[in-house]
Structure formats: structure tokens, C-alpha cells
Visitor: 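Quick one: the structure is below, and I'll ask about it shortly.
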Amino acid sequence: MTQFSPSFSEPPSALQPGTFVLHATDGSARRGSLHTAHGIVETPIFMPVGTVGSVKAIAPDDLHALGAEIILGNTYHLFLRPGDALVARRGGLHSFAAWNKPILTDSGGYQAFSLSALSKFREEGVEFRSHLDGSKHLFTPEKVMEIQRNLGSDIMMVLDECVAHNTPYDYTAKSIELTTRWALRSRNAYPRGAGSNLLFAITQGGFFSDLRTASVEQLAAHDFDGFAIGGLSVGEPKPQMYELLAHTAPLLPFAKPRYLMGVGTPLDIITGISLGVDMFDCVLPTRNARNGTLYTSTGKINIKRKEYAEDDTPLDANCSCYTCQTFSRAYLRHLFHAKEILSFRLNSLHNLTYFLALVKGARAAISAGTFAAYAAHIQSLYADEMP
RNA sequence: GGUGGGGUUCCCGAGUGGCCAAAGGGAACAGACUGUAAAUCUGUCGUCGUACGACUUCGGUGGUUCAAAUCCACCCCCCACCA
């Protein structure tokens, strides 16, 4: 563990938005604080995903109770419905959604990828058809900055091109150049000092380590508030993902927050933290909650299973969430099978609690210099997922 | 008592001579899910076998036929309407 000087590690309660304070390191793992206009994000952090301005099945009071520090919103989805201008007229997404803590907005680059049948990349931007009504739209890097500012995002992401895992070298090589040009256009459209919103660049490079390096080198030279690793966990084998992550994470600027986009499982998050990643987001805890997969201190379980039909024990005896403090596995299984809405809420509440406790534990371990032991423990719970 | 309709694999329900172990849906059982087009999707779902396959099944019994869930006879049960 490396302890930084007190004057550096104990800042005043509110520093300039964008300030990232590193408190400690333990191996490559880092313990930090990212200052934003809506509060401080303690890292490493997991960010629940609230694509359309809502963390599915979970209200802000629950999020506060869970200890969520920052959530995601999505540019593409909120632009199409209800529209960023409408949100702006309501004072921005914080006011509209009654969430007063930080919000990170994704740029829509991922939607262009996942809805690729409806989208087309060109130099100017990405043209796509709405999945809602088929209407045609053009997202330029500049347009995406404008939308995110209208939303009042604390952390804006640049528009990027995310490539699929089987994308050939030549295409990927051209793609990172485009992503870099777009990132610089984004920075130009929103120069530092123009507002309190932070701006993160997204590194790409597909599944070629030299292109990953090149992408980082192209972007790291520029003035962004943080750097993300994009385009991982898009269907590639896990060993390949870990290999690229291990290659890329150390290349990112040391003094800036590092964000691994869209990742991941508890094992992925612990692996990312051990490699020096500070921020994570993933739909897994909420989506899996709705589909019956729940994470516990002894591993993950599928609450649908018959073996829980008469199991009167709590979902996780070591969990302090409302769900675990109040209900039995038998009841949770019943709610799932009965397709009760409450099932979504209780399961989501629990899984988010688990993911947030996971990173909270990591923060404490890094500060205490015991991260390796912590990581080993988590890895033992998910040994079957180890590459 | 009369007339008409009907009884299909756990449930609903299609099937009216061979391409039928029998569509489809549900339930059940299992699995997947990674910057959320996900309250979604996939698999299994008569028995035995990994499989090729074998065997048992469509209210009951008997019959016609090379072949019957499907045709015929009788019987049992259900529903509707009329007396």
C-alpha cells in the first residue's frame, strides 16, 4: 500500500468538479475520490444503470438506502424519449428524476453498436433509426455533447464506435482513429471551463492489443477528466477480455479516473479493480434480479429453483438489505414464479446492495492494504467463472 | 325421453386413415443474461436409451384395414337446447 500525504488525501468537502484525489494504492488497485457538481464519488465504485432515467424497479429513496453514489443515464434513449429539451425544461435529469447525486450519461455509442442493424457510422457521426418508431437521426459528437449538457450530466461520455468481437484488424484500426477524432471534436464542442460537467474519453481497439495501446496513446495526450475502456464484454471469451483489460488498464493516465464500461460480474469488477480500474457499470445486477439470478455472500443462486420452494432462510444471511432482513427464499421464489412486480423490486434491491457492498469492501481493503486477500476471497466464490 | 355437440399426452387445445409420441399455448423443470430494443431469450417436457431406436398412448370394448387419435358397432361420461 502506498499512502499519499495527508494534504493530498484529505481534501476539503468540495473541490473543483473533475478533481480526482487518489488516497491510496494497494498493488495496482486504487482508492480515490472523484469530485462532481453533485457530490463526491468514492472509488472504486459500481454505478447502477438507469438507462431511461430510472434504475429499473428501484426508486431514488431505495438507491439512497443502498448507498448508491452515482447512477447512469443514456443519451440515445433519453434523446428519443422523452427528449433532452423536455428534460432540460424540467431543470435537467437530476430534477426530473428526483436524483440529487451524480449522474453519468453514456453517449449512445453502445446503442449504435447493439442496435447496429439500425445504425450506420460515417465521419460526420452515426446515423441511426429509432428502435421506437423508425425515425432517422444523426448523432454527431457535437450533438451528443449538447444532449448530455441538456440532461445536466455530471460525467459525459464522448461518442465512440464500439466494434464487435469478430471485427477484423483493418476495420478496427480505422475505427480507433475515428473514435479519437470524435473525442477531440467532443472536447472542442465542450472546452474545459465551459461548464461543470466532466468529460470522459473512451478508448477502443477491439481485440488487438497494439490497437488498444494506440487508442490510449491517441486519447491520453488530451485534456479529458477521465478515461474509459470501451468495447469489452461484447461476446468475446473471458480469457481474452481479461488479457486485454490487463494490457490496457495500466496504460491509462494514472492521475485520472479509469472507467471500464459495461462491466461486469463480481469477478470482473474485482479483476478490474486489481488492475487499477476505478469505475464500473453494468446492467447485470438489475437485469439478473428481474430474471431470478441473485448474488450472495456464498456465490450466485437462481431463486427460481425448486430447491428453494420451502427454504425459510433469508436470501443471504450476511446481507443487511431490506429483502434479506425481511423475507425468506421461499417467499422470493414464490413472488418470482407468480410474476409479482414486488419480485423485481426486492431482487433488484438485493443485487444492487451486493454490488455496492462489493466495491465498498474493495475500498476498505485497499485502504487497509488487504486487497489481495479480499480479491482472493471473491474469486473463490466465483471459481467456476475464472478464465 | 328427444335432438345436437363433445371426451386428445399435467391443463387448455389442434389434429378426422399412413408425413403422429401427436401443432400451438400454459404450467412445470433447467439454463442464459456484462456502457438495458430484455417483465427477455434458450432448452427439456409419454417411458427406456447418449444416440440410431424400441415400447406404451388420444373415454371403454370389439371390429374394418397392410396401416386407426382419425372409419364402423355397442357401451360409459360431459355439455346445450327441446319435452
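What you see is a predicted model; the values in this text were computed from it and never measured. Here is how names work: the chains are called A, B, and so on, in the same order as the sequence lines, proteins then strands, and each is numbered from 1.
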Visitor: For A/Asn288 and B/A38, give me the distance from atom CG to atom P, rounded to whole Å.
Guide: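 Value for this atom pair: 15 Å.
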Visitor: With a non-hydrogen cut-off below 4.0 angstrom, is A/Asp281 in contact with a base, only sugar-phosphate, or nothing?
Guide: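 Since only primed, P, OP1 and OP2 atoms lie under 4.0 Å of A/Asp281, the category is sugar-phosphate.
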Visitor: Roughly how far apart, to the nearest Å, are B/U9 and B/C55 at atom P?
Guide: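 Their P atoms lie roughly 23 Å apart.
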Visitor: Using a 4.0 Å heavy-atom cut-off across all strands, classify A/Ile202 as base, sugar-phosphate, or nothing.
Guide: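 Answer is base: heavy atoms of A/Ile202 come under 4.0 Å of a base.
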Visitor: Restricting to side chain to side chain contact (heavy atoms under 4.5 Å, CB included), what partner residues turn up for A/Phe344, sequence neighbours left out?
Guide: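 Partners of A/Phe344 under the side chain to side chain contact (heavy atoms under 4.5 Å, CB included) test: A/Ala57, A/Arg290.
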Visitor: Provide the distance between the two C1' atoms, one in B/U16 and one in B/A83, to the nearest whole Å.
Guide: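 Those two atoms are separated by 33 Å.
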Visitor: Does a side-chain heavy-atom distance below 4.5 Å link A/Glu69 with A/Glu42?
Guide: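 Answer yes - side chains close enough.
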Visitor: Could you let me know what B/A68 is paired to, Watson-Crick or G-U wobble, both distances under 3.5 Å, or none if it's on its own?
Guide: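 Checking every strand shown, B/A68 finds no partner, since no pair has both distances under 3.5 Å.
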Visitor: Just name whichever nucleotide pairs with B/A38, Watson-Crick or G-U, keeping both distances under 3.5 Å, else none.
Guide: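 B/A38 is unpaired by these criteria.
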Visitor: Does atom CZ of A/Arg90 have more than 12 heavy-atom neighbours, drawn from other residues, nucleotides or ligands, at distances under 6.0 Å?
Guide: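 It does: A/Arg90 CZ has more than 12 such atoms within range.
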Visitor: Answer with base, sugar-phosphate or nothing: what part of the nucleic acid does A/Glu307 contact at a heavy-atom distance below 4.0 Å?
Guide: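 Counting heavy atoms under 4.0 Å across all strands, no contact is made by A/Glu307.
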Visitor: Of the residues in residues 328-350 of chain A, which ones touch RNA chain B at a heavy-atom distance under 4.0 Å?
Guide: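 Within this stretch, A/Arg333, A/His337, A/Lys339, A/Ile341, A/Phe344 sit under 4.0 Å of the strand.
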Visitor: For the side chain of A/Val263, starting at C-beta, report the closest nucleotide among B/U34, B/A32, B/U36.
Guide: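 The nucleotide sitting nearest to the side chain is B/U34.
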Visitor: For nucleotides B/A23 and B/U3, find the distance between their P atoms and express it as a whole number of Å.
Guide: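 Nearest-Å result for B/A23 against B/U3 at atom P: 37 Å.
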Visitor: Can you give the donor-acceptor pairs under 3.5 Å from side chains of residues 250-266 of chain A to other protein atoms, not counting sequence neighbours?
Guide:
residue, atom, partner, partner atom, Å
A/Lys256, NZ, A/Phe224, O, 2.7
A/Arg258, NH1, A/Gly276, O, 3.1
A/Arg258, NH2, A/Leu252, O, 2.9
A/Tyr259, OH, A/Asp281, OD1, 2.6
A/Thr265, OG1, A/Leu267, N, 3.4
A/Thr265, OG1, A/Asp268, N, 3.0
A/Thr265, OG1, A/Asp268, OD1, 3.2
A/Thr265, OG1, A/Asp268, OD2, 3.1

Visitor: Looking at A/Glu310, I want to see if its CD is surrounded by more than 12 non-hydrogen atoms of other residues, nucleotides or ligands under 6.0 Å.
Guide: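 No - once you tally the heavy atoms of other residues, nucleotides and ligands closer than 6.0 Å, there are 12 at most.
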Visitor: With salt bridge (Lys or Arg N to Asp or Glu O under 4.0 Å) as the rule and sequence neighbours excluded, what pairs involving residues 147-158 of chain A come up?
Guide: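 Counting only pairs at least two positions apart or across chains, no salt bridge (Lys or Arg N to Asp or Glu O under 4.0 Å) contact touches residues 147-158 of chain A.
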Visitor: What's the gap between B/C76 and B/A67 when it is taken at their C1' atoms, as a whole Å value?
Guide: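 Per the computed distance, 28 Å lies between those C1' atoms.
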Visitor: What's A/Lys300 touching, base or sugar-phosphate or nothing? Going by heavy atoms closer than 4.0 Å.
Guide: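 Touches nothing.
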Visitor: Looking at residues at least two apart in the chain, or sitting in another chain, which of them share a salt bridge (Lys or Arg N to Asp or Glu O under 4.0 Å) with A/Glu236?
Guide: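 In terms of salt bridge (Lys or Arg N to Asp or Glu O under 4.0 Å), with neighbours along the sequence ignored, A/Glu236 is linked to no residue.
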Visitor: B/G35, B/G31, B/U36: which one has an atom nearest the side-chain heavy atoms of A/Cys162?
Guide: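 For A/Cys162, the side-chain atoms sit closest to B/G35.
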Visitor: For nucleotides B/A30 and B/C75, find the distance between their P atoms and express it as a whole number of Å.
Guide: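 To the nearest whole Å, 49 Å.
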Visitor: Could you tell me which nucleotide pairs with B/A80 by Watson-Crick or G-U wobble geometry, both distances under 3.5 Å, or answer none if nothing does?
Guide: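 B/A80 is paired with B/U3.
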Visitor: Looking across every strand, which nucleic acid part, if any, lies under 4.0 Å from A/Gly235 by heavy atom: base, sugar-phosphate, or nothing?
Guide: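 The answer is nothing, as A/Gly235 stays clear of every strand by at least 4.0 Å.
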Visitor: Quick one: look up who B/C20 pairs with, Watson-Crick or G-U, both distances under 3.5 Å, and put none if it's unpaired.
Guide: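 Check on B/C20: unpaired, no WC or wobble geometry under 3.5 Å.
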Visitor: Answer with base, sugar-phosphate or nothing: what part of the nucleic acid does A/Leu115 contact at a heavy-atom distance below 4.0 Å?
Guide: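 Contact class for A/Leu115: base.
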Visitor: Under a 3.5 Å limit for both distances, which nucleotide forms a Watson-Crick or G-U wobble pair with B/A73, could you say?
Guide: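 B/A73 is paired with B/U61.
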Visitor: Of the options B/U36, B/C29, B/U34, whose atoms approach the side-chain atoms of A/Lys306 most closely?
Guide: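 So the side chain of A/Lys306 is nearest to B/C29.
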Visitor: When you get a sec, tell me which of B/A30, B/U36, B/G35 is the closest nucleotide to the side chain of A/Arg287?
Guide: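 The nucleotide sitting nearest to the side chain is B/U36.
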Visitor: In terms of side-chain heavy atoms of A/Lys304, which of B/A39, B/G35, B/A30 is nearest?
Guide: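 When the side chain of A/Lys304 is considered, B/A30 is the closest of B/A39, B/G35, B/A30.
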Visitor: Tell me which nucleotide among B/U36, B/G31, B/A32 gets nearest to the side chain of A/Asn291.
Guide: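 Among B/U36, B/G31, B/A32, the one nearest the side chain of A/Asn291 is B/A32.
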Visitor: At 4.0 Å (heavy atoms only), tell me whether A/Asn74 reaches a base, stays on the sugar-phosphate, or touches nothing.
Guide: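 Result for A/Asn74 = sugar-phosphate.
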Visitor: Using the P atom in both, what is the distance from B/G18 to B/C72, to the nearest Å?
Guide: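 Taking atom P in both B/G18 and B/C72, they lie 15 Å apart.
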Visitor: Considering residues at least two apart in sequence or located in another chain, which fulfil the ring-ring contact (aromatic ring centres under 6.0 Å, His included) criterion with A/Tyr171?
Guide: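 In terms of ring-ring contact (aromatic ring centres under 6.0 Å, His included), with neighbours along the sequence ignored, A/Tyr171 is linked to no residue.
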Visitor: From the set B/U34, B/G35, B/G31, return the single nucleotide nearest to any side-chain atom of A/Asn302.
Guide: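 Selected nucleotide (nearest to the side chain): B/G31.
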Visitor: What distance, rounded to whole Å, do you find between the two C1' atoms, one in B/A68 and one in B/G59?
Guide: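 Their C1' atoms lie roughly 16 Å apart.
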Visitor: Counting C-beta onward and ignoring hydrogens, is there a side-chain heavy-atom pair between A/Ile155 and A/Met279 closer than 4.5 Å?
Guide: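 Result yes, sub-4.5 Å side-chain heavy-atom pair found.
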Visitor: Between the base of B/A39 and the side chain of A/Arg290, is there any donor-acceptor pair under 3.5 Å?
Guide: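 A donor-acceptor contact between them is absent.
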Visitor: Is a salt bridge present between A/Arg30 and A/Asp278, judged by a nitrogen-to-oxygen distance below 4.0 Å?
Guide: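 Yes.
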Visitor: Could you check whether the side chain of A/Ser114 and the base of B/U36 have a donor-acceptor pair of N or O atoms closer than 3.5 Å, going by distance alone?
Guide: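 When only heavy-atom distances are counted, A/Ser114 does not reach the base of B/U36 through any donor-acceptor pair under 3.5 Å.
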Visitor: Among B/G31, B/U36, B/G35, which is the nearest nucleotide to the side chain of A/Asp160?
Guide: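 Closest nucleotide among those given: B/G35.
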Visitor: Determine the Euclidean distance between corresponding P atoms of B/C20 and B/C12; express it in Å to zero decimal places.
Guide: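 24 Å, rounded to whole Å.
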